[in-house]
> 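Can you read through this structure? Questions will come right after.
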Amino acid sequence: MFSDTSIEQYSEFIKEKAISIGFDLVGIANVEEFNQEFSHFQEWINAGYHGSMGYMATQQEKRKDITLVLPEAESVIVVGLNYYTDIQHKEDSTQGKISRYAWGTDYHEILPAMMQSLSKELTELVPNSQHKFYVDTGPILEKQWAVKAGLGWQGKHSNIINRAIGSWFFIGVIISTIKLSASKQITDYCGTCTACIDACPTNAIIEPYKVDATKCISYWTIETKPDIQIPDAISENLQQWVFGCDICQEVCPWNRFQKETNKELLFPRNNEVSLSLDAIVSMTQEEFSTRFKKSPIKRTKLAGLKRNAEALLSNNTKDNPL
């Protein structure tokens, strides 16, 4: 059994280690069963707002009770990694815009090693302790744990917002059997602002804090299988997004003062934040595999990327029939 002093010391030690490893944010939550949060999640699933992302509807009880993931879990450590780079898209009908998170190396290639290092520190701190970490790779309600751990509040666009670095950050979760001191939660500072809701061209934010994925540009350009055509209501409002969409984050007032990441791997490859639509349509599988190795863009597969590009080219033809 740890004393209150050792719990506080361990907590500060872990936070310092997380920052030294390279994370920009770190917070701690005590393990508890999610009741209200899980109820909201179930309502979202039951309404079909997850679309074809069937994995989100599985292992529901683990999302509610994290001790089903790691028995004897005491604490949840949540880390954040800033991925913002101070480059903006240029409006060009021949180009397809890429979501900011996908400009550099896939975060699944970066965060796990960092989290492994932090888990090792935990094991050295308390031998025989157990830990499991996830980077949106398991049945964990990451955003809700981020709120519990004080990383920020959940904005009306559903992303987590931190007062210091906005919402441009990746989230990682470590479940630990070490009892640690919980961080203070942060107040919701969205206030009466509805910038994200008003700016969404497909009305995917159906009400504050609730997104219908089946209306979301990111869902259609990333998550759906390549053989599923994008509905007209979406394709006609893509606003040149060929992979993902950042509109709701771009208009958020809390992202006006974001500082750049210091992670070189997260900067745009070849200084590209957009892709030539014609080049995508003519791209071979070999070119795709080489160009997007260890990139998030590989998630949509070449056929999916071509579908997205063709939808944008079709829009351009409609807008400029001559």
Side-chain angles (χ1 to χ4, degrees), residues 11-31 37 66 75-86 99-122 131-138 140-176 180-190 196 209 218 244 246 248-250 252-267 296:
S11 301
E12 290 307 309
F13 173 82
I14 290 303
K15 289 177 183 178
E16 290 172 5
K17 284 296 180 181
I19 298 301
S20 69
I21 287 169
F23 291 109
D24 299 284
L25 302 171
V26 57
I28 299 168
N30 294 144
V31 165
E37 296 90 346
I66 208 165
S75 307
V76 177
I77 302 158
V78 187
V79 290
L81 182 67
N82 173 20
Y83 64 87
Y84 181 79
T85 56
D86 194 18
S99 179
R100 189 179 294 275
Y101 91 92
W103 291 355
T105 299
D106 190 338
Y107 62 96
H108 294 100
E109 301 284 343
I110 300 172
L111 263 70
M114 297 173 67
M115 297 181 74
Q116 183 67 54
S117 296
L118 187 55
S119 295
K120 184 179 178 181
E121 294 287 352
L122 288 163
H131 322 283
K132 284 190 176 183
F133 65 82
Y134 295 91
V135 183
D136 64 32
T137 50
I140 308 295
L141 296 181
E142 286 100 341
K143 291 180 181 179
Q144 285 68 33
W145 282 112
V147 171
K148 289 284 186 185
L151 258 67
W153 70 95
Q154 189 160 19
K156 292 178 182 177
H157 48 29
S158 84
N159 298 298
I160 304 302
I161 304 173
N162 178 275
R163 292 186 73 179
I165 67 170
S167 63
W168 305 108
F169 62 91
F170 300 123
I171 295 172
V173 173
I174 300 178
I175 312 166
S176 175
L180 299 169
S181 180
S183 305
K184 184 179 179 180
Q185 291 187 43
I186 297 176
T187 301
D188 183 334
Y189 286 100
C190 281
C196 58
Y209 313 102
S218 287
D246 292 336
C248 62
Q249 295 192 81
E250 289 176 340
C252 178
W254 286 103
N255 280 333
R256 287 180 297 182
F257 311 109
Q258 175 67 293
K259 296 179 181 178
E260 280 197 318
T261 179
N262 58 10
K263 298 291 182 294
E264 187 175 342
L265 288 174
L266 294 175
F267 277 74

> Within the 4.5 Å heavy-atom criterion, are Y83 and K263 side-chain neighbours or not?
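Counting from C-beta outward, Y83 and K263 never come under 4.5 Å.
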> With the side chain counted from C-beta on, respond yes when D246 and Y101 share a heavy-atom pair under 4.5 Å apart, and no when they do not.
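D246 does not reach Y101 side chain to side chain.
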> Quickly, which of I175, I77, L118, I174 forms a side chain to side chain contact (heavy atoms under 4.5 Å, CB included) with H131? Name it, please.
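Among I175, I77, L118, I174, the one that satisfies the side chain to side chain contact (heavy atoms under 4.5 Å, CB included) with H131 is I174.
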> Are any of the side-chain heavy atoms of Y107 and L81 separated by less than 4.5 Å?
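No, every pair of side-chain atoms sits at 4.5 Å or beyond.
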> I'd like to check M115 versus F23 (side-chain heavy atoms, cut-off strictly below 4.5 Å). Are they in contact?
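Sidechains of F23 and M115: in contact.
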> Show the nearest heavy-atom pair for residues Q249 and N159, with the distance to one decimal.
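Minimum heavy-atom contact is CG-ND2, 3.7 Å.
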> Will you find, in the side chains of Y84 and D24, an N or O donor that is under 3.5 Å from an N or O acceptor?
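No, no side-chain donor-acceptor pair sits under 3.5 Å.
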> Give me the atom names and distance for the closest heavy-atom approach of C196 to H157.
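Taking C196 first and H157 second, the nearest heavy atoms are SG-N, 3.7 Å.
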> Atom CD1 in I66, atom NZ in K132: separation rounded to 0.5 Å?
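These two atoms lie 10.5 Å from each other.
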> Quick check: closest heavy atoms across N82 and W168, and the distance to 0.1 Å?
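Heavy atoms of N82 and W168 come nearest at OD1-O, 3.3 Å.
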> To the closest 0.5 Å, what do you measure between CG (L111) and CZ (F170)?
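CZ of F170 is found 7.5 Å from CG of L111.
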> Over all heavy atoms of both residues, which pair between Y209 and G155 is shortest? Give the atoms and the distance, please.
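In this case the closest contact between Y209 and G155 is CD2-O, 3.3 Å.
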> Check I161 against S167 and note the closest heavy-atom contact, atom names and distance.
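The answer is CG1-CB, 4.2 Å.
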> Evaluate side-chain contact (heavy atoms from CB on, under 4.5 Å) for N255 paired with E250, printing each intermediate quantity in order.
CA-CA 7 Å; N255 280 333; E250 289 176 340; over 6 Å; no
> Kindly indicate whether the side chain of I160, heavy atoms from C-beta on, has any atom under 4.5 Å from the side chain of F169.
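In contact.
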> So how far is it from E264 CD to T85 OG1, rounded to the nearest 0.5 Å?
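OG1 of T85 is found 12.5 Å from CD of E264.
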> To the nearest 0.5 Å, what is the distance between NZ (K17) and NZ (K120)?
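Nearest 0.5 Å value for the NZ-NZ distance: 11.0 Å.
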> Where do S75 and I28 come nearest, in terms of heavy atoms and distance?
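Shortest heavy-atom separation between S75 and I28 comes out as CB-CG2, 4.4 Å.
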> Any chance you could lay out the side-chain contact (heavy atoms from CB on, under 4.5 Å) test for D136 and H108, step after step, and finish with the verdict?
CA-CA 9 Å; D136 64 32; H108 294 100; 2.7 Å; yes
> Out of the candidates V79, V26, L180, only one should pair with K15 under the side chain to side chain contact (heavy atoms under 4.5 Å, CB included) rule; please name it.
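Of V79, V26, L180, side chain to side chain contact (heavy atoms under 4.5 Å, CB included) with K15 is met by V26 alone.
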> For the residue pair W254 and W153, does the interplanar ring angle fall in the parallel (under 30°), tilted (30 to 60°) or perpendicular (over 60°) class?
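Aromatic pair W254/W153 classed perpendicular.
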> Is the shortest heavy-atom distance from the side chain of V78 to the side chain of S183 under 4.5 Å?
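Answer no - side chains too far apart.
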> About how many Å separate OG1 of T261 and NZ of K259, when rounded to the nearest 0.5 Å?
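Reported to 0.5 Å precision, the distance equals 13.0 Å.
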> If I take atom CD from residue E12 and atom OG from residue S181, how far apart are they, to the nearest 0.5 angstrom?
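Taking CD in E12 and OG in S181, the distance rounds to 8.0 Å.
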> Taking the side chain from S158 and the backbone from Q154, do they hold a donor-acceptor pair closer than 3.5 Å?
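Not confirmed, S158 side chain does not pair with Q154 backbone.
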